[in-house]
Amino acid sequence: MSTNQERRAEARQRLREQMEAQARREKQLKIVAASVVVAVLLGIVGVVAWINYDRKRAEEYAANWLTCEYPTDTETPEPLDPAEFEDQGAEVVAEVEEFNAQVETVNDTKRDAEPPSGDQARQGLAEITITTDRGEIPITLDRSGAPCNVASFVHLAEQRYFDDTECHRLTVSEEEPGLSVLQCGDPTGTGLSGPGYSVVDEPPAADTLELADDGSGAAIYPRGTVAMAKSQAPDSAGSQFFLVYEDSALPPEYTVMGTVGDSGLEVLDDIAETGVRSDDPTDRDNQVPRRPVTIETVVVDAQSGLPER
């Protein structure tokens, strides 16, 4: 039989073992708790880092790319009834009949094209050659000033939209600055048609063009400018564009896409020298090239400076 002294020793031993076991459990719990805290903190740091990385990527993408709207525009002019204009004289009736002939031409020769898809680059240059029956006109388009319009022009050129079309309008001005442009880009040759969609206005920044001295608020589009043509309605540009061969005064709402190379300006000077069909400002032929100007091809030779996706 155990003595009292032995029983007390055994009790103390069991107590020590229980206390040591309790200490080990508490230590393990502290280690587990610390591990959980570290894991949570690392998770938070990881989430924050990912959010910051994702935000940075989104900011970089937005700085380099944008979504362009190209609304469908399939409306064509409607013919007019000449009888409704008989009381205005024979000349007006003749103008109506000529307009109706143009409407018929539009309906017969109109070309529709699909607009660009996806987001468009905010920067980058496009080197393009417009080959006409009068010579080659090299142009450089800069996306930084008009990304949506340049993207559309490049897209149409790549679809051969402009090939075998006439430049339907030539303006010759005796005033300085007047309006001295060659307008092209309508496959019907009437000036009434486009690709079946429109492009938003991207007017030049206020500090990029000088204002005319006459106080009219017009801006000077300098010689060598490539710009989009449009009606008086906002966001009405499509495929028509104009090439400025002498400084020209216009409202500062026409999108500037780029510039004409020196050799192209020589071709434009030759076209302007040939003149228009009529010197009478009241005659429609006053803005029709005396010698037709035909675009044979428009080719995108190279693109540079495009951002990476």
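This is a predicted model, so every value here is computed, not measured. Here, residue 1 is the first one in the sequence, and each next residue gets the next number.
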| query | Once you round to the nearest 0.5 Å, how far does CZ of F162 lie from CZ of R111? | reply |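 The CZ atom of F162 sits 10.0 Å away from the CZ atom of R111.
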| Value rounded to 0.5 Å, distance of CG in D186 from CD in Q240 |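 The distance works out to 4.5 Å.
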| field | Pair I130-I295, side-chain contact (heavy atoms from CB on, under 4.5 Å): steps then yes or no | value | CA-CA 7 Å; I130 302 172; I295 291 178; 4.1 Å; yes
| task | Can you sort out the partners of Q287 under side-chain hydrogen bond (donor to acceptor under 3.5 Å, both in side chains), two or more places apart, ordered by chain and number? | result |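 Here the qualifying residues are R169.
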| request: Enter the distance from D279:CG to N286:CG here, rounded to the nearest 0.5 Å. | output: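 Atom-to-atom, D279:CG and N286:CG are 7.5 Å apart.
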| task | Grab the two heavy atoms, one from A229 and one from Q183, that are nearest each other, plus how far apart they are. | result |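 A229 and Q183 have their closest heavy atoms at CB-NE2, 3.6 Å.
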| said: Can a side-chain donor-acceptor contact be found between S198 and D235 if the only test is distance below 3.5 angstrom? | reply: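 Looking only at side-chain atoms, S198 and D235 do not form any donor-acceptor pair under 3.5 Å.
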| request: Return yes if some donor-acceptor pair links the side-chain N/O of T294 with the main-chain N/O of E166 below 3.5 Å, else return no. | output: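 Answer holds: no.
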| said: On a heavy-atom basis, which atom in A151 and which in P116 lie closest, and how many Å separate them? | reply: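 That closest heavy-atom pairing would be O-CG, 3.9 Å.
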| field | Min side-chain heavy-atom separation Y221-L179 under 4.5 Å | value |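 Side-chain contact under 4.5 Å: no.
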| Distance-only, no hydrogens or angles: does the R290 side chain make a donor-acceptor pair with backbone N or O of V276 under 3.5 Å? |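 Answer holds: yes.
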| Short side-chain donor-acceptor distance under 3.5 Å, T190 and T188 |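 Judged by distance alone, the side chains do pair up.
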| Going by heavy atoms in the side chains, are L306 and Q303 under 4.5 Å from each other? |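 Yes, their side chains come closer than 4.5 Å.
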| field | Partner set under side-chain contact (heavy atoms from CB on, under 4.5 Å) for Q88, not counting sequence neighbours | value |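 Per chain and number, Q88 pairs via side-chain contact (heavy atoms from CB on, under 4.5 Å) with F85, V92.
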| field | Any donor-acceptor pair under 3.5 Å from T105 side chain to A101 backbone | value |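 It does hold such a pair.
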| field | Shortest non-hydrogen contact from A113 toward Y161 | value |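 Heavy atoms of A113 and Y161 come nearest at CB-CD1, 4.0 Å.
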| query | Mind checking whether S248 and I220 have side chains closer than 4.5 Å, heavy atoms only? | reply |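 Answer no - side chains too far apart.
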| field | Considering all heavy atoms, the nearest S239-G194 contact | value |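 S239 and G194 have their closest heavy atoms at OG-CA, 3.7 Å.
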| task | Would you please name every residue forming a ring pair (Phe, Tyr, Trp, His ring centres under 6.0 Å) with Y245, sequence neighbours left out? | result |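 Checked Y245 against ring pair (Phe, Tyr, Trp, His ring centres under 6.0 Å); zero matches.
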Acceptor/donor pairs from residues 253-260 side chains to any protein atom, 3.5 angstrom cut, sequence neighbours excluded:
residue	atom	partner	partner atom	Å
T255	OG1	E202	N	2.9
T255	OG1	E202	O	3.4

| message | If only side-chain N and O atoms count, and only distance matters, is there a donor-acceptor pair under 3.5 Å linking T282 with D280? | response |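 A pair is found: one side chain offers a donor N or O, the other an acceptor, under 3.5 Å apart.
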| field | Donor-acceptor pair, side chain of Q120 and main chain of S117, under 3.5 angstrom | value |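 At least one qualifying donor-acceptor pair exists.
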| said: The criterion is side-chain contact (heavy atoms from CB on, under 4.5 Å); which residues satisfy it with P222, sequence neighbours excluded? | reply: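 Only L209, T225, D247 meet the side-chain contact (heavy atoms from CB on, under 4.5 Å) criterion with P222.
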| said: How close do G275 and L170 get, counting heavy atoms only, and between which atoms? | reply: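 Closest heavy-atom pair between G275 and L170: O-CD2, 3.6 Å.
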| task | With side-chain contact (heavy atoms from CB on, under 4.5 Å) as the test, would you mind laying out the steps for L80 and N100 before giving the verdict? | result | CA-CA 7 Å; L80 303 174; N100 288 344; 4.0 Å; yes
| request: Measure from the side-chain N and O atoms of D201 to the backbone N and O of P203, and report whether any donor-acceptor pair falls under 3.5 Å. | output: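 No: the side chain of D201 does not pair with the backbone of P203.
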| Out of curiosity, Y197 OH to H155 NE2, how far, rounded to the nearest 0.5 Å? |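 So the gap between those two atoms works out to 5.5 Å.
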| query | Is Y70 reaching over with its side chain to a backbone N or O of C148, donor-acceptor style, under 3.5 angstrom? | reply |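 The answer is yes, because a donor-acceptor pair under 3.5 Å joins these two groups.
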| request: Using the salt bridge (charged side-chain N to carboxylate O under 4.0 Å, His left out) rule, collect all pairs that involve residues 116-145, keeping only residues at least two apart or in two chains. | output: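 Sorted result for residues 116-145: R134-D270.
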| For the side chain of S216 and the backbone of A218, is there at least one donor-acceptor N/O pair under 3.5 Å apart? |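 Indeed, once roles are kept as given, a pair shorter than 3.5 Å links the two residues.
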| task | Rounded to the nearest 0.5 Å, what's the gap from OG1 on T131 to CD1 on I137? Could you check? | result |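 Taking OG1 in T131 and CD1 in I137, the distance rounds to 9.0 Å.
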